[in-house]
4 protein chains.
Amino acid sequence: MDSTTRGRIDKRQAILEGAFTVFARQGYAQACVQEIAAEAGVAKPTVYNHLSDKATLFRHAMEASARTALEERLAALEPLARPGDDLAATLTDVGHALLRLHAGGRSCALRRLLYAEITHFPDLLEITNQYGPDRLNQALADRLARLTLAGRLRAAEPDLAAEQFTSLLLGPLEARTRLGTRTLEDAELRELAEAAVRTFLTAWG
Amino acid sequence: MDSTTRGRIDKRQAILEGAFTVFARQGYAQACVQEIAAEAGVAKPTVYNHLSDKATLFRHAMEASARTALEERLAALEPLARPGDDLAATLTDVGHALLRLHAGGRSCALRRLLYAEITHFPDLLEITNQYGPDRLNQALADRLARLTLAGRLRAAEPDLAAEQFTSLLLGPLEARTRLGTRTLEDAELRELAEAAVRTFLTAWG
Amino acid sequence: MDSTTRGRIDKRQAILEGAFTVFARQGYAQACVQEIAAEAGVAKPTVYNHLSDKATLFRHAMEASARTALEERLAALEPLARPGDDLAATLTDVGHALLRLHAGGRSCALRRLLYAEITHFPDLLEITNQYGPDRLNQALADRLARLTLAGRLRAAEPDLAAEQFTSLLLGPLEARTRLGTRTLEDAELRELAEAAVRTFLTAWG
Amino acid sequence: MDSTTRGRIDKRQAILEGAFTVFARQGYAQACVQEIAAEAGVAKPTVYNHLSDKATLFRHAMEASARTALEERLAALEPLARPGDDLAATLTDVGHALLRLHAGGRSCALRRLLYAEITHFPDLLEITNQYGPDRLNQALADRLARLTLAGRLRAAEPDLAAEQFTSLLLGPLEARTRLGTRTLEDAELRELAEAAVRTFLTAWG
DNA sequence: CATGAATGAGATTTCATTCAT
DNA sequence: AATGAATGAAATCTCATTCAT
């Protein structure tokens with residue numbers, strides 16, 4: 001890949017990132033391509049050269065951001081592959097990490113935009129679901145199944161267990177973060193994780 | 001209150017309802033006042049006579065709709081005041097009713113609009129929270145406390161128990177309804193209620 | 001018709017006239033709605049309130065102008081209804097009047113715009129033909145038929161005779177006016193009329 | 001001239017032809033250089049390398065096409081240099097050939113573009129008139145003068161006669177071809193030629 | 001009070017034209 | 001010499017909002 005091609009790719013990346021930033025700040029309709037171009041450091045027509053119109057730009061920006069978000073979440077699950085002696089502690093750590101990601105800027109923005117534009121972009125759900133909660137739940141269910149086989153858990157229905165784990169964990173977030181407009185203290189996040197794990201282990205431990 | 005005043009109030013109601021309908025369909029920015037006026041069956045300037053501008057119109061339409069939504073939910077809690085012999089069955093019925101409301105059109109639209117515009121209308125959260133999940137949780141916690149006192153439950157921390165009940169109940173909805181774009185069969189809703197109640201009673205029953 | 005309605009109609013007239021003026025000056029694509037609005041003395045959106053888009057505006061402006069042009073031409077034919085003793089002189093006068101109209105600003109502009117945009121607006125021909133040369137030829141043929149019946153002409157085929165009269169008359173104009181960009185002296189027009197009438201009467205007189 | 005130079009000239013030709021094709025299809029303003037480049041099979045900047053800007057490109061494309069059109073017309077006049085015994089027949093044949101050219105695609109496009117852009121490119125008339133109707137009329141007048149000298153015609157004013165011949169011949173075309181948007185049957189063209197020649201010979205024969 | 005008409009401001013998109021390779 | 005990429009400028013159209021009736 002020569003320097004020219006790389007330059008073009010870099011610019012495309014910059015546009016997609018700038019677009020997500022601006023869409024997150026303003027919403028789809030209020031965001032103007034002018035501002036996106038400025039954020040990406042290019043001229044307005046350059047945006048149109050790369051992504052044919054505003055809607056296409058939106059879809060691609062959402063997809064790229066969703067992919068990044070999933071990668072971060074999957075990475076946070078890693079400790080479950082090698083849990084120490086204290087399973088509850090490991091679960092709490094993982095839960096804590098997931099909470100932090102889920103309460104973070106990118107996730108909140110993705111959720112807001114998804115909710116906001118799902119009626120205008122029905123296909124958006126499929127686009128982002130490629131990298132959505134199902135993928136995370138599945139990876140988590142895999143871990144829980146392994147732990148059950150290893151006799152450290154009694155999650156006979158790992159899919160359901162995984163779904164309930166994330167529900168217990170993330171459910172309270174919506175209200176606490178005031179729909180993503182408030183940032184939570186780390187201590188508060190940890191308490192939420194602990195409470196969720198307690199209930200979870202009561203049911204499936 | 002004479003008939004003229006009543007007519008005026010009716011017209012205001014029609015405008016607010018029309019506004020919510022259109023905002024729900026189009027989103028805040030894409031909704032145009034013209035269309036709202038048409039939906040309400042009045043002329044555009046009449047809208048401005050009643051609600052000073054588009055933002056005010058939005059806030060009032062959201063508040064009115066949130067109030068209605070809360071009233072519906074509180075009404076659904078009533079059976080817990082007189083639970084029959086089978087507590088699990090009553091909880092399941094109530095859960096089912098809440099699920100139906102939560103998956104319904106008005107709630108989904110409210111959630112979408114709230115998520116979508118929370119950054120542009122930070123005060124919107126306070127406006128709708130007057131009629132939001134906290135009020136519901138509190139009413140539910142009251143019921144759970146009574147039931148605990150009556151020895152039919154062991155919810156020593158009724159607030160937490162209530163929060164977890166609604167989390168278990170409503171958590172899976174987001175994914176299942178595809179963010180409110182799919183309508184669920186009644187049978188599926190009932191299964192969700194049963195699963196939530198099972199886990200809830202394992203922890204607090 | 002009350003003053004309000006009249007005001008609206010006046011404004012519509014002003015817009016159509018301004019539009020024709022600007023289209024004539026700039027051509028369809030180069031004319032911008034901004035400029036048309038300025039020419040008509042209204043704001044840009046007012047133009048869109050009356051005529052839904054640029055293409056519609058163009059069609060209506062062309063139609064209005066074509067109607068005016070036909071009315072002028074038909075009026076110029078009047079003397080043939082009461083020809084004096086000298087038929088050649090009357091024909092020459094009428095021919096002269098037609099030439100003046102045909103070489104005038106409105107006609108030239110209409111022709112230019114029609115030629116220019118016929119491929120983009122295939123329906124334009126039908127719109128303007130309602131008021132086009134056919135209508136003129138027919139009116140002229142009527143007159144020639146009457147004159148033939150009165151024994152003052154031998155135009156056994158009045159339609160053909162009328163067509164040839166206008167061809168002889170107007171044919172040379174295109175080149176002489178340099179496609180409508182040069183204005184001809186009245187004397188030159190009269191000579192053209194005389195030459196045409198001479199040839200015409202040699203054939204049909 | 002080496003092969004490189006020839007290649008360059010070929011490319012210039014391709015650009016001019018592509019340009020005329022696109023201008024004819026879209027009009028000057030609506031034609032975009034992108035499309036012209038595509039039609040010519042080159043990249044956009046290559047167009048600018050050969051012809052400095054869009055206006056220049058237009059002028060050169062028009063000139064080249066006008067030259068071709070004149071050459072075709074002059075060739076069609078040839079039979080008049082060696083008329084057979086039947087002058088009327090020869091005139092009809094020539095008229096027919098001229099009509100065919102005049103009603104053909106290139107001529108119609110040239111006329112449309114000339115009318116359309118004469119106000120923006122006043123010099124266009126001079127450019128195309130080098131190869132315009134005057135040159136044709138002159139060549140025709142020459143022929144008519146020769147025929148008069150030879151006693152086969154009585155065209156004492158050959159210039160006027162030539163002008164009237166083309167007027168009679170081509171005048172009806174405008175309406176019949178619907179400004180060049182309809183293609184005429186060969187039989188119809190021949191009838192037009194015969195009618196024109198009849199009238200012409202009545203006057204000058 | 002309700003409304004038809006008018007407008008100022010701003011959004012998306014296109015295009016002729018120029019760099020850098 | 002030819003091209004992919006980038007850009008400044010401008011055009012159509014929409015919309016929230018205000019007069020005048």
Side-chain angles (χ1 to χ4, degrees), chain A residues 2-5 7-9 11-12 15 29-37 40-55 57, chain B residues 4-5 7-8 11-12 15 29-37 41-57, chain C residues 2-5 7-12 15 26 29-37 40-57, chain D residues 4-5 7-8 11-12 29-37 41-57:
Chain A
D2 67 354
S3 66
T4 305
T5 305
R8 184 163 169 74
I9 286 179
K11 205 153 272 191
R12 187 187 169 93
I15 290 171
Q30 289 96 334
C32 81
V33 177
Q34 178 80 264
E35 194 179 350
I36 291 172
V42 301
K44 213 184 339 171
T46 303
V47 174
Y48 284 92
N49 276 350
H50 285 261
L51 286 310
S52 51
D53 56 15
K54 195 186 177 185
L57 176 55
Chain B
T4 308
T5 305
R8 184 164 168 73
K11 204 157 271 191
R12 187 188 168 91
I15 290 172
Q30 289 97 331
C32 77
V33 178
Q34 178 78 264
E35 192 179 352
I36 291 173
V42 302
K44 215 181 345 171
T46 304
V47 175
Y48 283 91
N49 279 347
H50 284 263
L51 287 311
S52 53
D53 59 14
K54 193 184 178 184
T56 305
L57 176 56
Chain C
D2 67 353
S3 65
T4 305
T5 306
R8 184 164 167 73
I9 287 180
D10 285 354
K11 206 153 270 192
R12 187 188 168 93
I15 290 171
Q26 309 276 26
Q30 289 97 334
C32 80
V33 177
Q34 178 82 263
E35 193 179 351
I36 290 173
V42 300
K44 210 185 342 167
T46 303
V47 175
Y48 285 94
N49 276 350
H50 284 262
L51 285 311
S52 52
D53 58 14
K54 195 186 177 183
T56 304
L57 176 56
Chain D
T4 307
T5 305
R8 184 164 167 73
K11 204 156 272 192
R12 186 188 169 93
Q30 289 97 332
C32 77
V33 177
Q34 177 78 262
E35 192 179 353
I36 291 173
V42 301
K44 214 181 345 171
T46 304
V47 174
Y48 284 90
N49 279 348
H50 284 263
L51 285 310
S52 53
D53 58 15
K54 195 184 177 185
T56 305
L57 176 55

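Residue numbering restarts at 1 for every chain, and letters A, B, ... go by the order of the sequence lines.
- Side-chain proximity of B:V33 to the nucleotides F:dA16, E:dT12, F:dG4 is greatest for F:dA16.
- Here the closest heavy-atom approach between residue B:A43 and residue B:A37 is recorded as C-CB, 3.9 Å.
- In this entry the distance linking OH of C:Y48 with P of F:dC13 reads 4 Å, nearest Å.
- Computed from coordinates, the B:D53 CG to F:dC15 C1' distance equals 14 Å when rounded to whole Å.
- If you measure from atom CD of A:Q30 to atom C1' of E:dT12, you get 15 Å, rounded to the nearest angstrom.
- Of all the heavy atoms in D:A31 and D:K54, the pair that sits closest is O-NZ, 2.8 Å.
- For the pair D:L51 CG and F:dA2 C1', the interatomic distance rounds to 15 Å; values are reported in whole Å.
- Distances were taken from every side-chain heavy atom of C:C32 (C-beta onward) to each of E:dA11, E:dT3, F:dT12; the shortest belongs to F:dT12.
- Toward the 5′ end of DNA chain E lies the nearest nucleotide of B:P45, the other residue of the pair B:P45 and A:P45 mapping further downstream.
- D:H50 has no side-chain polar atom (N or O) that falls below the 4.0 Å cut-off from OP1 or OP2 of F:dA1.
- Separating the CG atom of C:D10 from the C1' atom of E:dA6 is a distance of 15 Å, rounded to the nearest angstrom.
- Of the candidates E:dT7, E:dC1, F:dA6, the closest approach to any side-chain atom of B:N49 belongs to E:dC1.
- Contact record, A:I15 with A:A40: CA-CB, 3.7 Å, taken as the closest heavy-atom pair.
- Annotation: the span from A:Q30 atom CD to B:Q30 atom CD amounts to 7.0 Å, rounded to 0.5 Å.
- Across the protein-nucleic acid pair, C:I15 atom CD1 and E:dA6 atom C1' stand 10 Å apart, rounded to whole Å.
- Atom P of nucleotide F:dT17 and atom CD of B:Q34 are separated by 14 Å, given to the nearest angstrom.
- As the counterpart of F:dT17, E:dA6 is assigned, both hydrogen-bonding distances of the Watson-Crick or G-U wobble pattern falling under 3.5 Å.
- Across all strands, C:A29 comes closer than 4.0 Å to no nucleic acid atom at all (heavy-atom distances).
- OP1 or OP2 of F:dA6 sits under 4.0 Å from a side-chain N or O of A:K11.
- Counting to the nearest Å, the P atom of F:dA11 and the CD atom of C:E35 are 9 Å from each other.
- Residue-to-nucleotide proximity on DNA chain F shows that, of B:K54 and C:A55, the 5′-proximal contact is made by C:A55.
- In the set F:dG4, F:dC13, F:dT7, the nucleotide with an atom closest to the side chain of A:V42 is F:dT7.
- A:T46 and A:N49 are not linked by any side-chain donor-acceptor pair at a separation below 3.5 angstrom, with hydrogens and angles left out of the test.
- A close approach under 4.0 Å does not occur between any side-chain nitrogen or oxygen of A:K44 and OP1 or OP2 of E:dT14.
- Note on A:A31: only backbone sugar-phosphate atoms sit closer than 4.0 angstrom, heavy atoms only; bases stay farther off.
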